[in-house]
Novice: 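Take this structure, written in C-alpha cells, and hold onto it; I'll ask about it next.
For the numbers below, each heavy atom of this structure counts, side chains included, while hydrogens, waters and symmetry mates do not. Proteins get letters first, then strands, A, B, ... in listed order; numbering begins at 1 in each.
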Amino acid sequence: MKTELSKTYNPQSIEKKIYETWEKEGCFRGVIDHDKEHFSISMPPPNVTGQLHMGHAVDNTIQDILVRFKRMQGYSTLWLPGTDHAAIATEAKIVEAMRQEGLSKEDLGRDKFMERAWAWKEKYGNRIVEQLRTLGTSCDWEREHFTMDEQCSKAVLEVFVNLYNEGKIYRGNRLVNWCPKCQTSISDAEVEYEEHDGNFWHILYPVKETGDFLEIATTRPETMLGDTAVAINPEDERYKKFHGCHVILPLINKEIPIVLDEHADIEKGTGVVKITPAHDPNDFEVGQRHSLPLVRCFTYDGKMTGAEDYQAYCDLKASGRMTENEPEVLDCGKYAGMTTQDARKAIVADLEALGLLKEIEPLKHDVGTCYRCHSTIEPMISKQWFVKMKSLAEPAIKAVEDGELRFVPERFTKIYLNWMRNTRDWCISRQLWWGHRIPAWFCQDCGELHVAKEAPTVCAKCNSTNLEQDPDTLDTWFSSALWPFSILGWPEETPDYNYFYPTNTLVTGYDIIGFWVSRMIFSGLAYTGKLPFDTVVIHGIVRDAQGRKMSKSLGNGVDPLEVIDQYGADALRFMLIQGCSPGNDIRYTDDKIIAMRNFTNKIWNASRFLLLNLSIDKVELPDTKDLALEDKWILSKLNQVTKEITQNLENYDMGIAAQKIYDFAWNVFCDWYIELSKIRLNGDDPVAKNNVEKVLAYVLTDILKLLHPFMPFITEEIFQAMGLTEGFLMCQSWPEYQEELNFSEVAQMESIMDMIKAIREVRAELKVPNSKKVQVTLVTGQTATYQNAEDYLIRLAGASSVTVTDSDLSDISGMASVTTADAKAYLPIAEMVDIEAEKARIQTEIEKAKKELSFFESKLGNPNFTSKAPQKVIDEIREKEAKVKSLIKNLEGSYNAL
RNA sequence: GGAGGCAUAGCUCAGCUGGUCAGAGUGCUUGCUUGACAUGCAAGAGGUCACUGGUUCGAUUCCAGUUGUCUCCACCA
C-alpha cells in the first residue's frame, strides 16, 4: 500500500513511531539459531545516572551500523545493552544532592544511604536508556542489564572469591592514590595529571655526625614530618663522606638515617632526596629496600595527624592486630589538624625562621588530581585490596601479540600492549558505599579473615559469631571487566552464554582502552578461557567547532538530543560517520549537520518522486532484453557500489561506506538516472514506462537497504510507504553483488554522459539560456553508441533535436563545437559565438590535452617503465593515450574549421 | 622522559594493499520558478598533497630526518 509523502522530510513525526513499532514487533530480539552464525556485541554500559552525550552518540551509532548490517546479512544478531553503576561518579552525585538537604552519608548510615542510592538509580536510571532509543539503537532491551543487578553481582562474587582462593587477590598496606575529598582510594588510571604552578623548596637538614647541612629540594614540604630517611646515590662523590651518617629532621628534631639508594639521582636537584615512605610511591619502594619505618602524618580527610590519631595507632599496636607495613602515626603537634596546604605554609615559615630554608625555586609541575572531583591526590599508605596483575596480564598480552584479537585501527594495539606490559597491581577497593561490597568478613575476636560468596556465620578459626564485613566496595571497573560474559549469564553456562559468547566486536573510544578494554581482555581469558571478543573498534572523540574537547566546564558540549530533535537522528548518525576515518576525532559543526539533513531530504524527495510515478506492485527487474541503456548503466553502477560498500563495512571502514552510498544515491541515482527515467515515465509507451518503473523501484529499494544501517528511520519509513515488500526494511536481506548485472554497455552510456556534460559546459560558457533549445549535430565514428542519444540530449543537454552522422560537416560556420574523445557536436548558436573567443577556448583545450599526451608519451617511451610496470598499468596508459590523441584530433578539426 | 596521531582547496575533512586520484562537503563566482527536492539544478574558480632526503621505472601514498600541532602514558624527590 503506497502512502503519499510530505514535501520535506520531517523526522520528528516519524522516528519515535518507527522505533516503537520495531521494538513492539521484536525486531531487536536476539534469537538463538544454531543454523546461523552469531554476531553479538555488548554495549559499553553508560553511567546509570548519566545523560546522553556525543560520545555515546558516536559509539552507539557505530555499533548500530554494524549490528544492522550483520542482521541484514543473515547473522543471528544480538546487541546487549545495559548501564553501569559508576560507583564514584554516582555516589558523588547522591552525596551532593544530600548535601543540599544538609545531610551527610554519616548522618544517614550505610543502609539508609543505600536505600536512597537505589531510589536515585530507579529515578534516573531509565533516562539514558530512553535517550539511547532516540538514536535508533537496535539493541535487545529484553536482555538489558545493570552492573549491580543480581546476575552481574553473582559474577563479581564468583570472580572475587576464585581469585582470592588462587592467591591473585590480596589485601595489604600499600601506597595508593588517595582523594581526600571523595575519601577513597582510586586506581592509577583514575589519576589525572594537571600542570600547576608550584615551588621547589630547598631545605637544609643538619647532619648529626659532621655538623654539615644537606640541602634537599622538595615540592611537598609538609610531608617532611613523615620522613624516615634521606637518600643519596652511592656513587655520588659529593656526599661520600656522609655514608653511614644521620640527619636531624628539623622541626621535630628526630634522628633519621642517610641511606644509599639508586633512586637518588645525581643529576637531579641537589642529589639528596628526603624519604617519606608513607606518602610517596617511590619513597615507599626505597623504604621497603632499606626496611625503613613508615610514618603517616596525613589523615584520610587531608589534614595533619594529631594526638587522637596517634592514640588510635597505639591502641591498634596494643591489640596485636598490626599487619605487615602498618604505618606509625605521628602526632604533628602544632600542625595537627591543619589542612595539608595550611601546614605547608606554616612549615615553610617555621623553617625560614630557623634559617633552614635556603631557597624557593618556582616550578611548574604536574600534580595528580582525582578524575572525578579534581582535588589534589595525596599518595597515602593505606590498607587496600589488590589484584596481582602479572599472571593475568601475560596471556592477555600474548593473545594480542599472536593476533587472536585485533584492534581497528591497528595502531591501538600498541597502546594496549603498552598499558598491559606496564600495568601494576590493581587497587580494587574503594571507600565508597555504592558498589559491590567486598565479600570479606573479619572475626572481631581473633581477627581471622574469611572470603566467601555468602556471609559466614561463625569464625572457622575461633568459632566466634562476631564477624563483620569489610566496609569497602569494589572499583566500578571490576564489574565492568566482566560485562561481556556476566550479562550472558556467566558463571552459569546458559543457552545465551553458550551461543552468543564470545562476542564479536567491541566498540569504544580510545580513552578507556586502559580502564576497560584491557581489563575485559584479561578477565575473559582468565575466567571464561576465551577472549571476550575478537575485534576492538576504536573511535575518536567528538570535538566542538573549534576543535576543543567537549566538556562540562567549558560548556561547549552539544546535546545530541537537541540535534536529534532539530535535524533527526539519521542526520546526526550520518554526520558522525560519513567521511570520518577510524580512530580519528570528529568535529561537530552546524554546517555538517545541515548538509546531512539536506541529504535526508534529498532521499525523501527522490522517493517522493518515485511514489508519485509508480504503478507497479512489487519489486522485480524487467527481462534483460527490455533494459534500456541507462538501465544497464545504473544497475551496473549499483552492483559495483554494493560490492564496495559491503567490503568497506566488513573492514569497518564505515566512513568510506557512508561516503559511497551518499554519492551513489545523490550524484548517480538522483542526478542522472532519475532525470533519464523521466523520458520513459513521461512518454507514451506503457511498456517502456512499466520497465523504467521496475528499475527505479529496484534501485531505490537497494539504496534504502544499503543506507539503512546508517539512516535507519528514514529508510524504513520510505520502505513502508512504498508498500512493495512485506515486512520491515531492517529485516530484509543485504543486497549482494551479482555478476550478471554487470553490463558492458556502461562505457557507451558514459560516452554519452561525457557529451552531455561537454554540451552543458559550452552552453554555460557561451551564456546560452536554459530555455533556448538547440539542434545538435553529432559527428562520430561510433554512430551506434549515439543512436539513442537524442532523447538524452533533449532531456539533459537542452537539445531540440539530434542528428548523428559519421561524416564531417562541410559547412559548420557559425556553429559552436563540443568535443569529446569519440565525438564532436555542433550547435548552431552562432549569433552568440565570438569566433575569436571560441578559437581561444579550443586552443586552451588543445594545449591541455597535449600536455596530457606528452605525459603519457614520456611514460610509454621510458623503457624502465614499460619493462617494469605491470601490464595492466601500461595498458591503461596506452588506452588513455589513444583517447587523448583522438580528442586532440577532434579539437584541431574544430579549430581549423572556424 | 616514553609512545602515538595529525599537517591535502578559504574552512572542515576523505584518500584501502605506491601507477592521471589530486577528491567530498561547505564557502565563493555565474546562470536557473528545468511539473521530486531552492534543504534544489547546472557550470566554474581554488591545492608544489608541511619541509628535506631516501627507496622505486614511478611517491600525496612507503622509509628516515626536520618543523609545527594535538593526545596518551610515565615522572620530576
Novice: Ion pair present between A:Lys757 and A:Glu761, side-chain N to carboxylate O less than 4.0 angstrom?
Specialist: no

Novice: Regarding A:Pro863, tell me which of base, sugar-phosphate or nothing describes its non-hydrogen contacts under 4.0 Å with the strands shown.
Specialist: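 The answer is nothing, as A:Pro863 stays clear of every strand by at least 4.0 Å.
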
Novice: So, taking the atom named CD in A:Glu359 and the one named NE2 in A:His202, what distance separates them when rounded to the nearest 0.5 Å?
Specialist: 4.5 Å

Novice: If the glycosidic angle sits within 90 degrees of zero it is syn, else anti. Tell me which applies to B:G25.
Specialist: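 Anti, angle beyond 90° from zero.
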
Novice: Could you run through nucleotides 37-46 of chain B and give me one letter per nucleotide, 5' to 3': B if any protein heavy atom sits under 4.0 Å from the base, S if only the sugar-phosphate is that close, - if neither?
Specialist: BSBSSSSS--

Novice: Looking at A:Glu262 and A:Arg289, is there a salt bridge between them, counting it only when a charged N and a carboxylate O are closer than 4.0 Å?
Specialist: no

Novice: Between A:Met596 and A:Arg795, which residue's closest nucleotide on RNA chain B lies nearer the 5′ terminus?
Specialist: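 This one resolves to A:Met596.
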
Novice: Measure the distance from CG on A:Asp283 to P on B:C75 and round it to the nearest whole Å.
Specialist: 13 Å

Novice: Base, sugar-phosphate or nothing for A:Lys868? Non-hydrogen atoms, less than 4.0 Å.
Specialist: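 Base contact.
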
Novice: Return yes if some donor-acceptor pair links the side-chain N/O of A:Asp544 with the main-chain N/O of A:Gln546 below 3.5 Å, else return no.
Specialist: yes

Novice: Checking side-chain polar atoms at under 3.5 Å, does A:Tyr567 have a donor or acceptor matched by the opposite partner on A:Asp590?
Specialist: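 Result is no, nothing qualifies.
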
Novice: Is A:Lys414 close enough to B:G4 that one of its side-chain N or O atoms is under 4.0 Å from OP1 or OP2 there?
Specialist: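 Yes.
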
Novice: In residues 563-576 of chain A, which residues come under 4.0 Å of RNA chain B by heavy atom?
Specialist: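 Heavy-atom contacts with RNA chain B come from no residue of residues 563-576 of chain A; none.
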
Novice: Determine, for A:Phe855 and A:Lys880, whether the Lys NZ or Arg CZ falls below 6.0 Å from the six-membered ring centre while staying within 45 degrees of the axis.
Specialist: no

Novice: So that I can tick it off, tell me whether A:Glu879 and A:Lys883 are bridged by a salt bridge, with the cut-off set at under 4.0 angstrom between side-chain N and carboxylate O.
Specialist: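 A:Glu879 and A:Lys883: not salt-bridged.
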
Novice: Could you list by number each residue of residues 872-888 of chain A showing a heavy-atom separation from RNA chain B of less than 4.0 Å, or answer none if no residue does?
Specialist: A:Val873, A:Lys880

Novice: For RNA chain B, what are the stems built from at least three Watson-Crick or G-U pairs in a row, each pair having both distances below 3.5 Å?
Specialist: B:1-7 with B:67-73, B:10-13 with B:23-26, B:28-32 with B:40-44, B:50-54 with B:62-66

Novice: Salt bridge check: are A:Lys850 and A:Glu845 linked by an N-O gap of less than 4.0 Å?
Specialist: no

Novice: In the 5'-to-3' direction, what one-character label does each nucleotide of nucleotides 5-18 of chain B receive under the scheme B = base within less than 4.0 Å of a protein heavy atom, S = sugar-phosphate only, - = no such atom?
Specialist: S------SSSS---

Novice: Do any side-chain atoms of residues 595-602 of chain A form donor-acceptor pairs under 3.5 angstrom with protein atoms, and if so which ones, sequence neighbours left out?
Specialist:
| residue | atom | partner | partner atom | Å |
| --- | --- | --- | --- | --- |
| A:Thr600 | OG1 | A:Arg597 | O | 2.5 |
| A:Asn601 | OD1 | A:Tyr9 | N | 3.0 |

